[in-house]
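So the structure is just underneath, and the comments pick up after that.
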2 protein chains.
Amino acid sequence: MKTNEVIIVDDHLLFARSLASLVNSYDDYTVKFTFQNGSELVDKLSAGMKLPAIILLDVKMPVMDGIATMKWLKKYQPEAKVLALSMEDDEQTILSMLRNGAKGYLLKDIQPTLLKKALDTVIDQGYFHTEQVTNTLMKSLNHDNNTNKEIQLKENEIRFIKLACEEKTYKEIADEMFLSPKTIDGYRHHLFEILGVKNRIGLVMYAIKHKIVEI
Amino acid sequence: MKTNEVIIVDDHLLFARSLASLVNSYDDYTVKFTFQNGSELVDKLSAGMKLPAIILLDVKMPVMDGIATMKWLKKYQPEAKVLALSMEDDEQTILSMLRNGAKGYLLKDIQPTLLKKALDTVIDQGYFHTEQVTNTLMKSLNHDNNTNKEIQLKENEIRFIKLACEEKTYKEIADEMFLSPKTIDGYRHHLFEILGVKNRIGLVMYAIKHKIVEI
DNA sequence: ATAAAAAAGGGGAAAAACACCTTTTTTAAA
DNA sequence: TTTAAAAAAGGTGTTTTTCCCCTTTTTTAT
């Protein structure tokens, strides 16, 4: 039987190493490499490394995270079969990974046997989704409003949001951004509208939920 | 050579299982149990199970998290040797675990070989601390102010903070808590003072940092 | 060239922040 | 067990910030 090559990308070395030994214990899978972040993977692929059968990709990583990695893969290696593997179970993250082509999304609290099944199913059918993740997605689809549709924020808007999460007045933010307070007021108003929030508190909560600011 | 019993407490089954096989590969350590949360551990200890040589305890868990578990152990099983094992690297969490008696705090991105060293050192010397964690603690000690000293919030203050993280006016919060807006203003003022924040934004950020509100 | 957006601004209402000040309730100590 | 101190709750009013509506100018893109 031919063995399927697996690459693990996870900054938690302890986990990555442990996971590797688990995967290696399956006799039709072999871990070829473990990388600590997306950019190590991208470097190797850019240097001509051939795609493995499956990439197990963590979402939350420093340097180049799961979503950034998926975006790169979607563009330059769309054939890559990626299983996202993460403890982040928020809609936004899951949606983002799947939108960018992940073949499945496993939460790290799954039963170990499920990993084997996921690997097999991705090899056979090209995708694998747990009930848990499917439920999350369904919930998000039936969400009263459309919290979906990726909102693309401008550079200045992001700068503004970050400052709005600090204990600053809009006047101070305006000074720091070398803009008129009225322009800041415009940013504020526009963001309230497109993000569907009512006040600065809502803006801050949005920023945190969507990881625009790190806590 | 006698083998040291280890118990792993971690809700991420995949990780727990993988970690167990890693620990079992050391010939002087044996994983006796893996539990999914603190309360499973507490149940077994309450039922008379004897303490293992070392407990590897995750911090972020549903049901009964690491800090709650440490508090229980401190009270009822102060002899327990616990190594906290977590990806949370924020001061507050680390401090809280160590204050409650953890013998060490390992971040999940450590080199796998360091785990063995940590286990050995805890057995031999009773504690083990990485440079990384020591640095975090030092930084917190030298922190301009005293962000330390666990602040004990009252029930009503916590209720208020949670509502303050929603897009509500103080008037609405007062109504919801059946209190005068002026009492709410008192809470606000008092919290600003004891938490060292300047405005409601600061309060919200504090609440999130200290996990008073879930996001 | 023209439309769309970003930036800047005026004026005003509402909410938040702040400053004192009073009464009641709880807690701790004499 | 009274008394002092501290915490909780409420009152009135001022200043500052936030929020909202609407207009003009400047920049950007088609």
>> Looking at A/Lys60, I'd like to know if its NZ atom is crowded, meaning that more than 12 non-hydrogen atoms belonging to other residues, nucleotides or ligands lie closer than 6.0 Å.
In response: no

>> Output the rounded distance in Å from OH (A/Tyr170) to P (D/dT16).
In response: 19 Å

>> Would B/Arg200 and B/Phe192 count as a cation-pi pair here, with the cationic atom under 6.0 angstrom from the ring centre and within 45° of the axis?
In response: no

>> Under 4.0 Å, heavy atoms only, any strand: does B/Asn199 hit a base, just the sugar-phosphate, or nothing?
In response: sugar-phosphate

> Whole Å only: how far is the NE2 atom of A/His189 from the C1' atom of C/dG9?
Replying inline: 15 Å

> When we call it a touch if two heavy atoms are under 4.0 Å apart, what does A/Arg200 touch: a base, just sugar-phosphate, or nothing?
Replying inline: sugar-phosphate

> Looking at D/dC19, C/dA16, C/dA7, which one has an atom nearest to any side-chain atom of A/Phe192?
Replying inline: D/dC19

>> Looking at A/Asn37 and A/Glu40, would you say the former's side chain and the latter's main chain have a donor-acceptor pair under 3.5 Å?
In response: yes

> Base, sugar-phosphate alone, or nothing: which one does A/Lys171 contact when heavy atoms must sit under 4.0 Å apart?
Replying inline: nothing

>> What is the separation between atom CD1 on B/Ile184 and atom P on D/dG11, rounded to the nearest whole Å?
In response: 13 Å

> Roughly how many Å is it from NE2 in A/His190 to P in D/dC20, rounded to a whole number?
Replying inline: 15 Å

> Can B/Asp185 and B/Arg188 be said to form a salt bridge (Lys or Arg N to Asp or Glu O under 4.0 Å), step by step?
Replying inline: CA-CA 5 Å; B/Asp185 194 52; B/Arg188 179 195 60 73; 2.9 Å; yes

> Whole-Å distance between D/dC22 P and A/Lys182 NZ?
Replying inline: 14 Å

> Is any side-chain N or O of B/Thr183 closer than 4.0 Å to OP1 or OP2 of D/dG10?
Replying inline: yes

> Less than 4.0 Å between a side-chain N and a carboxylate O, is that true for B/Lys50 and B/Glu5?
Replying inline: yes

>> Both atom distances under 3.5 Å, Watson-Crick or G-U wobble: I'd like the secondary structure of DNA chain D as a dot-bracket string, with | for pairs made across strands.
In response: .||||||||||||||||||||||||||||.

> Does B/Lys154 have a side-chain nitrogen or oxygen under 4.0 Å from the phosphate oxygens OP1 or OP2 of D/dA8?
Replying inline: yes

> Which whole-number value in Å describes the distance from B/Arg188 CZ to D/dG11 C1'?
Replying inline: 15 Å

> So, A/Asp10 and A/Lys108, do they make that salt bridge, N to O below 4.0 Å?
Replying inline: yes

>> Whole angstroms only, please: what is the CD1-P distance between B/Ile201 and C/dA17?
In response: 8 Å

> Could one point to a donor on the side chain of A/Asp185 or the base of D/dC20 with an acceptor on the other under 3.5 Å away?
Replying inline: yes

>> For B/Tyr206 and B/His210, take the angle between the two ring planes, folded into 0 to 90°, and tell me which bin it lands in: parallel under 30, tilted 30 to 60, perpendicular over 60.
In response: parallel

> Expressed in angstrom and rounded to an integer, what is the separation of A/Ile173 atom CD1 from D/dC19 atom P?
Replying inline: 11 Å

